[in-house]
Number of protein chains: 2
Amino acid sequence: MRSAKRATTLEYALLGLLDQEPHSGYGLRRLFAHTPLGYFSDSPGAIYPALRRLVARRWVGAGAPQGGRRRQEYRISARGRAALGAWLRLPVTAADVVSDPDALMLRFAFMGQALPAAVIRGFLREYERRMASQLEDLRRHHGEQSHTWSLTGRLAFEHGLALHETKVAWARNAARTLEKTKEKP
Amino acid sequence: MRSAKRATTLEYALLGLLDQEPHSGYGLRRLFAHTPLGYFSDSPGAIYPALRRLVARRWVGAGAPQGGRRRQEYRISARGRAALGAWLRLPVTAADVVSDPDALMLRFAFMGQALPAAVIRGFLREYERRMASQLEDLRRHHGEQSHTWSLTGRLAFEHGLALHETKVAWARNAARTLEKTKEKP
DNA sequence: GGATACATGTAAGATGTTACATGATTGT
DNA sequence: ACAATCATGTAACATCTTACATGTATCC
């Protein structure tokens with residue numbers, strides 16, 4: 001079996017959380033529910049099947065459920081840590097930046113524990129470059145097309161432009177922050 | 001039948017585009033593919049079934065396919081325009097702001113042709129209020145929890161904060177722009 | 001005449017949503 | 001004893017992705 005099919009973003013999100021510390025399924029659901037950054041739903045119909053898929057891949061191990069049906073602790077395995085690392089090291093493609101920027105941020109959030117600082121800085125450089133290039137495309141598109149749009153259509157597009165500008169600026173700042181903490185550990 | 005179940009975001013996106021002018025299925029796919037703001041995929045397996053669902057709801061009509069299998073024009077119906085209007089007038093809930101902000105922007109983009117300016121201004125006021133309140137929640141969460149996170153985890157969260165700030169600022173600006181165009185039409 | 005873009009469709013499979021079901025523990 | 005929360009699960013359903021299939025018009 002060549003590198004078995006990629007997992008879903010939800011599965012990697014669970015894996016990344018389990019890389020920080022063991023959790024029960026319910027605990028993970030609570031994290032999604034009570035954490036105000038909610039890209040994922042806390043629905044049991046999504047979480048529990050995803051956890052079982054991770055167990056089937058041997059990326060996480062499940063402690064035996066003690067008692068009648070009490071909480072079950074999941075913890076990441078060595079294979080799981082390797083799979084997470086491989087996902088985190090994936091290149092930043094132009095397609096990622098347009099169609100799944102949230103997944104890129106999720107990956108960045110998990111890098112701290114898992115990757116050496118040099119790789120993280122490399123990710124940020126690529127991220128900034130790709131995002132800046134996408135911003136240019138958007139600006140060109142705006143220049144060429146905006147006169148054909150309605151007022152709200154134009155404003156909505158400019159909303160997208162503003163977000164991209166914020167993202168580029170964030171990447172610069174984040175890189176600077178990483179440099180600073182490198183100097184004085 | 002009470003207000004038949006809500007349609008998917010993709011269906012409303014297609015409906016909104018058809019509200020601007022008639023398109024063929026392929027034309028709609030091209031819009032998704034060549035427009036640099038890509039929340040939707042251009043895959044035929046998504047677009048064509050969605051169009052047929054819209055036809056089944058009688059929200060759009062399909063011109064008879066001329067010739068062997070040539071292009072087929074879809075156009076919005078009166079019922080479709082009503083359904084689009086109802087979707088656009090939906091209140092801005094706190095849940096929308098956290099879990100589906102893109103759909104809110106999509107709605108705003110389509111409002112120009114479909115709603116009176118007063119309703120659009122009302123949407124923007126609600127949007128700004130909800131987004132600002134969500135931003136406060138995030139800031140509080142950051143203040144309480146950020147010391148427990150990794151460096152990249154904190155930076156990723158601050159990315160989310162920056163986006164929310166940009167969104168609030170955008171809403172203020174957009175409201176001002178709408179006021180100005182009201183004064184001098 | 002062949003390549004490319006145009007144009008529409010289907011089938012298999014995986015994932016996620018919604019709603020329901022079940023039982024244990026804790027607090028009062 | 002009762003309610004609320006903890007904790008896990010399943011079943012039905014709709015949607016989307018990916019890959020394949022098919023045929024037309026146009027350009028060189």
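Every chain is numbered from 1 and lettered A, B, ... according to where its sequence line falls, protein lines coming before strand lines.
- Within the 4.0 angstrom heavy-atom criterion, base atoms lie near A:Gly45.
- One atom, CZ of B:Arg30, and another, P of C:dA7, lie 6 Å apart when rounded to the nearest Å.
- Contact annotation: the side chain of A:Ile47 approaches that of A:Leu51 to within less than 4.5 Å [non-hydrogen atoms, C-beta and beyond].
- Rounded to an integer number of Å, the gap from A:Tyr26 OH to D:dT5 P is 9 Å.
- For the pair A:Ser43 and C:dG16, the criterion of a side-chain N or O lying under 4.0 Å from OP1 or OP2 is not met.
- The side chain of B:Ser41 has D:dT17 as its nearest neighbour among C:dA7, C:dT15, D:dT17.
- Straight-line distance from the CZ atom of B:Arg6 to the C1' atom of C:dT18: 14 Å, rounded to whole Å.
- Between B:Tyr127 and B:Asp96 the shortest side-chain heavy-atom distance does not fall below 4.5 Å.
- At the phosphate of C:dT15, OP1 or OP2 sits under 4.0 Å from a side-chain N or O atom of A:Arg53.
- Atom-to-atom, OH of B:Tyr39 to P of D:dC16 comes out at 17 Å; the value is rounded to the nearest Å.
- Both B:Pro49 and A:Ala50 lie close to DNA chain C; mapped to their nearest nucleotides by heavy-atom distance, the more 5′-ward contact belongs to B:Pro49.
- Rounded to an integer number of Å, the gap from A:Leu14 CG to C:dG16 C1' is 13 Å.
- Side-chain contact check for A:Leu88 versus A:Phe123: every heavy-atom pair is 4.5 Å or farther apart.
- Both B:Trp87 and B:Met111 are members of a single hydrophobic cluster when ILVMFWY side chains are connected at heavy-atom separations under 4.5 Å.
- Listed candidates were D:dG9, C:dA14, D:dT18. Nearest to the side chain of A:Tyr74 is D:dG9.
- Comparing B:His34 and B:Arg52 by the nucleotide of DNA chain C that holds the closest heavy atom to each, the one mapping nearer the 5' end is B:His34.
- Here D:dT15 is the nucleotide among C:dT18, D:dT15, C:dG16 with the atom lying nearest to any side-chain atom of B:Glu11.
- Taking atom CG of B:Leu51 as the reference point, atom P of D:dC16 lies 12 Å away to the nearest angstrom.
- Within the model, atoms CD of B:Gln134 and CE of B:Met131 stand 7.5 Å from one another, a figure rounded to the nearest 0.5 Å.
- When distances are taken from the side chain of B:Thr8 to each of C:dT8, D:dA7, D:dC16, the shortest belongs to D:dC16.
- For A:Tyr48 and D:dA11, the OH to C1' distance is 17 Å, given to the nearest whole Å.
- In this entry the distance linking CG of B:Leu10 with P of D:dA14 reads 17 Å, nearest Å.
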